[in-house]
Amino acid sequence: MNIKDIRENELTKELTSFIKWLIIGSVSGIVIGLVGTLFHFCSGFAENFRSENSWTIFLLPLAGVFIAYFYDIMHYSHDKGTNLVLLAVRDNKIMGIRHAVCIFVATVITHLCGGSSGREGASLQIGAALGSFSGRKLKFDEDDKRMLTMCSMSAMFAAVFGTPVTAAIFSMEVISVGIFYYSAIVPCVASALTASYVSSLFGISHIDVSVNLPEINPMIYLKTAFIGILCALLSIIFCIAMGFAGKLFKKIKNHAIRAAVGGAVIVILTLIVQNRDYNGTGGTMITAAFSEKPFVFAFAVKIIFTVITLGSGFKGGEIFPVFFIGSSFGSVFASLLGLDCSVGAAIGMVSLFCGVTNCPVASVLLSIELFGGEGIGIYILACAVSYMLSGYRGLYSEQKILYSKIKTRYINKRIGDNK
């Protein structure tokens, strides 16, 4: 075979692969987009029902018991949460329909009764589980199963949160920090854009805020960097607190009792703060942080509510609570630095997200999709500072950081090695 034939053969393979994954990504986006829409409606209904019926908070301990036994019935007691998503892509660990059903039901129940958790971590798990299951049923090879898992993650994240560009990149960036799984870019982008469009057809709305950007000057950059430093430290505190709460609750051997105790503590704390602002996803409080300075220690209270909820066995995601914590923290410090609270909320939100996920590129793209590209200089600075100074900790113990944050050196360090 001559060189010309070899080149033509390679081009044919690339074109075939492109068409194949464009179709798979689009179909996945339609199917997962519908599942994501259903999940969004169910969790949204749970949140609305709880807000209109405050007595549901008192059912939280029973909800914890139900979730524990539901996982037993589904033979899924040893759930690894979002960590299994990372393993499904990196090591082709098996996820299936049971996982998707479990996290779907448990997250809705958690939101219905006032546990502090989000939707995004759950959506990643549902998407990855459906992708992994489909890959096995379609008898894909190992590489193609990884690709399908990632594009399903992107689709579910995009459908639930409405940021398709972030969803596509996040799925490729979060698995192994320092490298991108570029081979999955076509299916991830196709599935994310399709799923986001599908969810929009059902009238799903997402976070809608505006940022009153100041005139850019060196002092603004210094203030931004300062908030980024504080958010890096806050990300370390939050990740340590998550790990500590998990270990503390595991001292209660019976997982049903463990969840009941955690639920009871949340009920008591809710009665102490005398409002429901820290229950559920906290979406209302996130929006409010962009228009007025919240309670000074709102971010700390949300951390406590979240680590107890998730540490004791309730389900959901950590990302929306992170948005709450970051936006309220940034809003408070913005006023101290002479910045508009919306600027501080935006900086705090994306830089804390970056610190806990170790995904600077996805974080910058998130800021553009949510707040527009006008302030990209501020957002990228905040994310860069937060990424470098947040150390080698993160929300997901199975995440690997392949390259050092301070040197051009291969380290292959697992986040869980810090714990």
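- Atom CZ of Phe295 sits in a crowded spot, with more than 12 heavy atoms from other residues, nucleotides or ligands closer than 6.0 Å.
- Heavy atoms only, all atoms of each residue included: Val361 and Ile169 are closest at CG1-CG2, 3.9 Å.
- Thr306 and Ser116 get closest at one heavy-atom pair: OG1-OG, 2.9 Å.
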Would Tyr221 and Ile216 count as a side-chain contact (heavy atoms from CB on, under 4.5 Å) here? Give the steps.
CA-CA 8 Å; Tyr221 286 131; Ile216 301 301; 3.2 Å; yes

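- The OH atom of Tyr71 sits 6.0 Å away from the NE2 atom of His99 when rounded to the nearest 0.5 Å.
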Worked verdict on Asn358 versus Ile415 for side-chain contact (heavy atoms from CB on, under 4.5 Å):
CA-CA 10 Å; Asn358 296 297; Ile415 292 293; 3.7 Å; yes

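- The side chain to side chain contact (heavy atoms under 4.5 Å, CB included) test with Phe238 is passed by exactly one of Leu395, Leu352, Leu233: Leu395.
- Ile380 CD1: 12 or fewer foreign heavy atoms inside a 6.0 Å radius.
- In terms of heavy atoms, Ile103 sits closest to Lys315 at CD1-CB, 3.7 Å.
- Side-chain polar atoms of Glu47 and Thr281 form a donor-acceptor pair below 3.5 angstrom.
- Note that NZ of Lys293 and SG of Cys341 are 10.0 Å apart. Values are rounded to the nearest 0.5 Å.
- Here the straight-line distance linking atom CD of Glu14 with atom CZ of Phe18 works out to 11.5 Å at 0.5 Å rounding.
- Classification of the Phe290-Phe371 ring pair by plane angle, with boundaries at 30° and 60°, yields tilted.
- Scanning all heavy atoms of the two residues, the minimum distance from Ile220 to Glu215 falls at CG1-O, 3.6 Å.
- Judged by distance alone, the side chains of Lys145 and Ser134 never bring a donor and an acceptor atom under 3.5 Å apart.
- Residues Ala155 and Ser28 approach most closely at CB-O, 4.3 Å, considering heavy atoms.
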side-chain contact (heavy atoms from CB on, under 4.5 Å) between Phe333 and Leu230, intermediate numbers included:
CA-CA 9 Å; Phe333 271 90; Leu230 294 179; 3.6 Å; yes

Should Phe320 and Phe324 be marked as a ring-ring contact (aromatic ring centres under 6.0 Å, His included) after you check the CA-CA gap, both sets of side-chain angles, and the distance that decides it?
CA-CA 6 Å; Phe320 233 92; Phe324 180 121; 9.6 Å; no

Between Phe170 and Phe161, does a ring-ring contact (aromatic ring centres under 6.0 Å, His included) hold up when you go through it step by step?
CA-CA 13 Å; Phe170 181 74; Phe161 193 53; over 10 Å; no

Start with the C-alpha distance between Cys102 and Phe70, add both sets of side-chain angles, then the distance that settles side-chain contact (heavy atoms from CB on, under 4.5 Å), and finish with yes or no.
CA-CA 8 Å; Cys102 283; Phe70 180 68; 4.2 Å; yes

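- One N or O on the side chain of Ser390 and one on the backbone of Ser386 form a donor-acceptor pair closer than 3.5 Å.
- When only modelled atom types and interatomic distance are considered, Thr149 and Ser132 share no side-chain donor-acceptor pair under 3.5 Å.
- For the residue pair Thr284/Asp277, the side-chain donor-acceptor check at 3.5 Å is not satisfied.
- Shortest non-hydrogen contact noted between Cys113 and Ala63 is SG-CB, 3.8 Å.
- The number of heavy-atom neighbours closer than 6.0 Å to NZ of Lys250, taken from other residues, nucleotides and ligands shown, is 12 or below.
- Put simply, OG on Ser51 and CZ on Arg276 are 10.5 Å apart, with the number rounded to the nearest 0.5 Å.
- Other residues, nucleotides and ligands place no more than 12 heavy atoms under 6.0 Å from the OH atom of Tyr197.
- Ser171 and Ser154 share a side-chain donor-acceptor pair at under 3.5 Å.
- Enclosure of atom NZ in Lys93 is not indicated, since only 12 or fewer non-hydrogen atoms of other residues, nucleotides or ligands lie within 6.0 angstrom.
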Might you work through the salt bridge (Lys or Arg N to Asp or Glu O under 4.0 Å) test for Lys20 and Asp144, ending with a clear yes or no?
CA-CA 11 Å; Lys20 165 189 168 183; Asp144 283 357; 2.6 Å; yes

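- Residue-environment remark: CZ (Phe41) exceeds the threshold of 12 foreign heavy atoms within 6.0 Å.
- In this structure, Asp208 places its CG atom where only 12 or fewer heavy-atom neighbours from other residues, nucleotides or ligands lie under 6.0 Å away.
- With hydrogens and angles ignored, the 3.5 Å screen pairs no side-chain donor or acceptor of Gln399 with any backbone N or O of Gly394.
- Taken to the nearest 0.5 Å, the CZ atom of Phe299 stands 7.5 Å off from the OG atom of Ser328.
- For Asp340, the salt bridge (Lys or Arg N to Asp or Glu O under 4.0 Å) criterion is met by no residue, not counting sequence neighbours.
- When the shell of 6.0 Å around OH of Tyr181 is examined, it contains more than 12 heavy atoms from other residues, nucleotides or ligands.
- Put simply, CZ on Arg119 and CG on Leu124 are 14.0 Å apart, with the number rounded to the nearest 0.5 Å.
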Test Ser117 against His111 for side-chain hydrogen bond (donor to acceptor under 3.5 Å, both in side chains), laying out the working first.
CA-CA 7 Å; Ser117 71; His111 290 168; 3.2 Å; yes

